Chemist: 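Can you keep this structure in mind? I'll have questions shortly.
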Amino acid sequence: MNQLLLWPILVPLLAVAGGYFLLRFTGLSDKTFYLLVAISNFIPLVFLAGPVLGGRVFTYRMGGWFYKQGIILALDRFSFFMLVLVSFYFLIAFVWGQSSKIEERSRFFILLCVSQAGMGGLALTADIFNMYVFLEIVSITLYALVAYKKTAEGMEAGFKYIIIGSLGGFFILWAIGLVYGATGNLNLAYLSQNFAGVPSTIKIATLTFFTVGFALKFAIFPLHAWKVDVMTGAPVVINALLAGIGGKIPLYCLLRIYSLLFGWDYLIEVGLFSILSFLAVITIFVGHLMAFRQDNLKRLLAYSSVAHIGYIVAALAVVTSEGIQGAVFHVLNHGIMKAGLFLIAGAFIYELGTENIDELKGAHYRRPFLSVSFLILSLGMIGMPPVNGFLSKWQMVLSTMAAGAYISSLAIIIGGFMALLYYLRIAVSLFSRAEENNTAENEKYSLALNFKLPIYSLVFISLAIFINANIFHRLIGSVITPLFEISPYVTAILEGV
Amino acid sequence: MQLMFQVTVIILFLLGSYGLLTRKNMIQLSICLNIMEASLLIFLVSLGFREDGSYPIVREGVEIYVDPLPQALTLTAIVIGASLTAVILAFIIKVYKRYNTLDVTKIRKLKN
């Protein structure tokens, strides 16, 4: 069973390495092959789901080395949750990539595969230097994917992304160096027991570098500007990937480091969370205000993404289990809704040939189902009841209020109203009659299945989560327990079970 | 010795970030990134430094060895840095072909 932990990292990489020859000599189409690889990534998850959700922690020693010298992979509930998200969003990307519109499709799939291996590794690794390596693998592939269309905007976005991303990487590397210099080990479980005795100046410096480095990657207020440019220039499917998992997985790493390396008590003591909640509130307002002023649909969605990262951090920063539960729930919900919105926007942009919101007029007549889906998902983004966004937002408001962070809860509520204004504007544009109603153009031709399937399944999932609210509430509640009870994770690694 | 390493690291890192903030040329920006990265590599290597230490292969009569792990980490970091530089240069070539300039501000003007 423990060897299954290698699957999410090894299988996508092997598919890249051996795929070329396999395709050459068997004549299998690259589309089917990579789709099969993406589906096969669910196999270990199916096998591991039962024991992991039951509370067991799986570990695997790379090369048989013990934690003092070697790298350990560990899977507990929280990393399992991230792994499911990774496999899910990449499956969506692979299905979307079946389109014949993408040039040099094999290359696109190869980049996606490497990126998936990196993200799987990020979710699994229990070694901070390994975490850095995987983070850079993910980042480098994302740089290339962002500029995949080779348009001028894409290239510029890629250049900006690469500068900012590598800066973030440098800060993380610096922090890792400090940790190693102070303790002589890089294993998270070992550090969770030995890092507390480190001199406080080094501790503070490490905390700062880790926070700044990861914050650069998931884009919170003073460090958010790159994200919008990147998302404007990137292909929509990469945007969906970035919004769904790419922007969230650094947050996961940061949470792991916070809970294992520093411990929540220490972080509250040094006042980190009052700074974070302050920044989060600013992020919410900046994101929504800027989104309100945009005419470009992708840009608007990107600013809304920034604001939602603000929500998540604001709820995290109260450090109660309810707050973190709300935040992790919103990671799931926001990812699904925003990925769906980006994909629908992509379908509109592809069909109407414009990214401008005002030129979307009359899209309702051509694409009634897509427009209604867009409306449903934007209701979720605002936080209205029939969609999953309501659940997590409600919980975030309640938990911040219960913890006494009234400013955060107020910001989340006001943010909803601001979102209402600009999503309403898109909805009005979609459902209003076009000036020159050209009936010849109105003939309905159907969208390809590989576009339809991801979009409608995302809409379906977001409605399904709302209907099964209780189940998901309990599930997320159990998923976040490793953040507070670190002992099963630590003993599993140290004793090499 | 340690102090010398630390001072070098800090000077290089600040130099790199200063360049990153002030330069306009894309090639120069990528060089600044590389300088910053080099400073971190020196920092990592210096973590393994031991006074009077020998190279880390166990032999008779030698008791102090330098720590080999940071050297391994540095090698990995060098590989990552090299691939980053490769991707940046690829972007720069593409952007140069499109706009015929390397100046970031000029590219922004050309775009609008």
Side-chain angles (χ1 to χ4, degrees), chain A residues 68-71 111 114 118 127-130 132-167 169-186 209 213 229 232-233, chain B residues 2 5-6 9-10 12-13 16-17 20-21 23 26 29-30 32-49 67-70 72-77 79-99 102 104 107-108 110-111:
Chain A
K68 274 179 185 150
Q69 299 89 18
I71 294 164
L111 284 172
V114 178
D127 178 289
I128 48 175
F129 190 76
N130 209 225
Y132 165 74
V133 174
F134 279 127
L135 196 63
E136 289 304 300
I137 291 175
V138 171
S139 302
I140 289 171
T141 45
L142 282 180
Y143 304 146
L145 283 170
V146 159
Y148 196 78
K149 280 196 296 188
K150 292 184 189 155
T151 56
E153 290 85 27
M155 285 295 163
E156 217 194 315
F159 187 76
K160 209 170 269 180
Y161 192 13
I162 217 169
I163 299 275
I164 300 292
S166 31
L167 264 181
F170 292 161
F171 280 113
I172 295 165
L173 188 58
W174 201 328
I176 289 168
L178 285 174
V179 170
Y180 184 79
T183 59
N185 204 312
L186 291 165
F209 284 141
D229 292 327
T232 315
Chain B
Q2 280 287 27
F5 275 131
Q6 283 161 7
V9 167
I10 289 170
L12 278 178
F13 195 82
S17 29
L20 211 55
L21 292 172
R23 296 287 116 180
M26 290 169 102
L29 283 175
S30 72
C32 290
L33 270 186
N34 274 309
I35 292 174
M36 285 174 91
E37 204 219 330
S39 80
L40 287 172
L41 297 180
I42 297 173
F43 172 60
L44 278 183
V45 170
S46 75
L47 289 175
F49 177 76
D67 189 352
L69 190 75
L73 300 186
T74 312
L75 273 178
T76 317
V79 173
I80 290 172
S83 44
L84 265 178
T85 313
V87 180
I88 292 185
L89 290 178
F91 279 138
I92 291 175
I93 292 170
K94 288 278 177 191
V95 172
Y96 183 74
K97 275 187 184 157
R98 171 76 173 69
Y99 293 109
L102 286 171
V104 181
I107 289 172
R108 203 166 297 145
L110 280 175
K111 225 176 76 175

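None of the values given here were measured: they were computed from a predicted structure. Lettering of chains follows the sequences in order, A, B, ..., and the numbering in each one begins at 1. All values below were derived from every heavy atom in this structure, side-chain atoms included, with hydrogens, water molecules and symmetry-related copies excluded.
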Chemist: With a cut-off of 6.0 Å (strictly less than), are more than 12 heavy atoms of other residues, nucleotides or ligands near OH of B:Tyr96?
Modeler: no
Chemist: Under the rule for side-chain contact (heavy atoms from CB on, under 4.5 Å), what residues qualify as partners of A:Asn130, not counting sequence neighbours?
Modeler: A:Ile71, A:Thr125, A:Asp127, A:Phe134
Chemist: Please give me the minimum heavy-atom distance between B:Ala77 and A:Phe129, naming the atom from each residue.
Modeler: N-CZ, 4.4 Å
Chemist: Using atom types as modelled, flag every donor-acceptor pair under 3.5 Å from a side chain in residues 32-46 of chain B to any protein atom, sequence neighbours excluded.
Modeler:
| residue | atom | partner | partner atom | Å |
| --- | --- | --- | --- | --- |
| B:Asn34 | OD1 | B:Thr85 | OG1 | 3.2 |
| B:Asn34 | ND2 | B:Ser30 | O | 3.2 |
| B:Ser39 | OG | B:Met36 | O | 2.7 |
| B:Ser46 | OG | B:Ile42 | O | 3.4 |
| B:Ser46 | OG | B:Phe43 | O | 2.7 |

Chemist: With rounding to the nearest 0.5 Å, note down the distance linking CD in A:Glu136 to OG1 in B:Thr76.
Modeler: 12.0 Å
Chemist: What's the shortest heavy-atom distance between B:Leu84 and A:Ser166, and which atoms?
Modeler: CD1-CB, 3.6 Å
Chemist: Looking at B:Pro70 and A:Tyr180, what are the two nearest heavy atoms and their distance?
Modeler: CG-CE2, 3.5 Å
Chemist: Please classify the contact between A:Tyr143 and chain B as side chain, backbone, both or neither, with a heavy-atom cut-off of under 4.5 Å.
Modeler: both
Chemist: Quick one: does B:Ile80's side chain get under 4.5 Å of A:Ile137's, heavy atoms only?
Modeler: no
Chemist: Say you draw a straight line from CE of A:Met155 to NZ of B:Lys97; how long is it, rounded to the nearest 0.5 Å?
Modeler: 10.0 Å
Chemist: Just so I understand: if I count every heavy-atom pair under 4.5 Å between each of B:Ile88, B:Val9, B:Ile92, B:Val95 and chain A, which residue has the most?
Modeler: B:Ile88
Chemist: Determine the minimum heavy-atom distance between B:Phe91 and A:Ala147, stating which atoms define it.
Modeler: CE2-CB, 3.1 Å
Chemist: Where do A:Gly181 and B:Leu47 come nearest, in terms of heavy atoms and distance?
Modeler: CA-CD2, 3.7 Å
Chemist: Quick check on A:Ile176 against chain B: is it the side chain, the backbone, both or neither that has a heavy atom closer than 4.5 Å?
Modeler: neither
Chemist: Do A:Leu186 and B:Leu73 come within less than 4.5 Å of each other through their side chains, counting heavy atoms only?
Modeler: yes
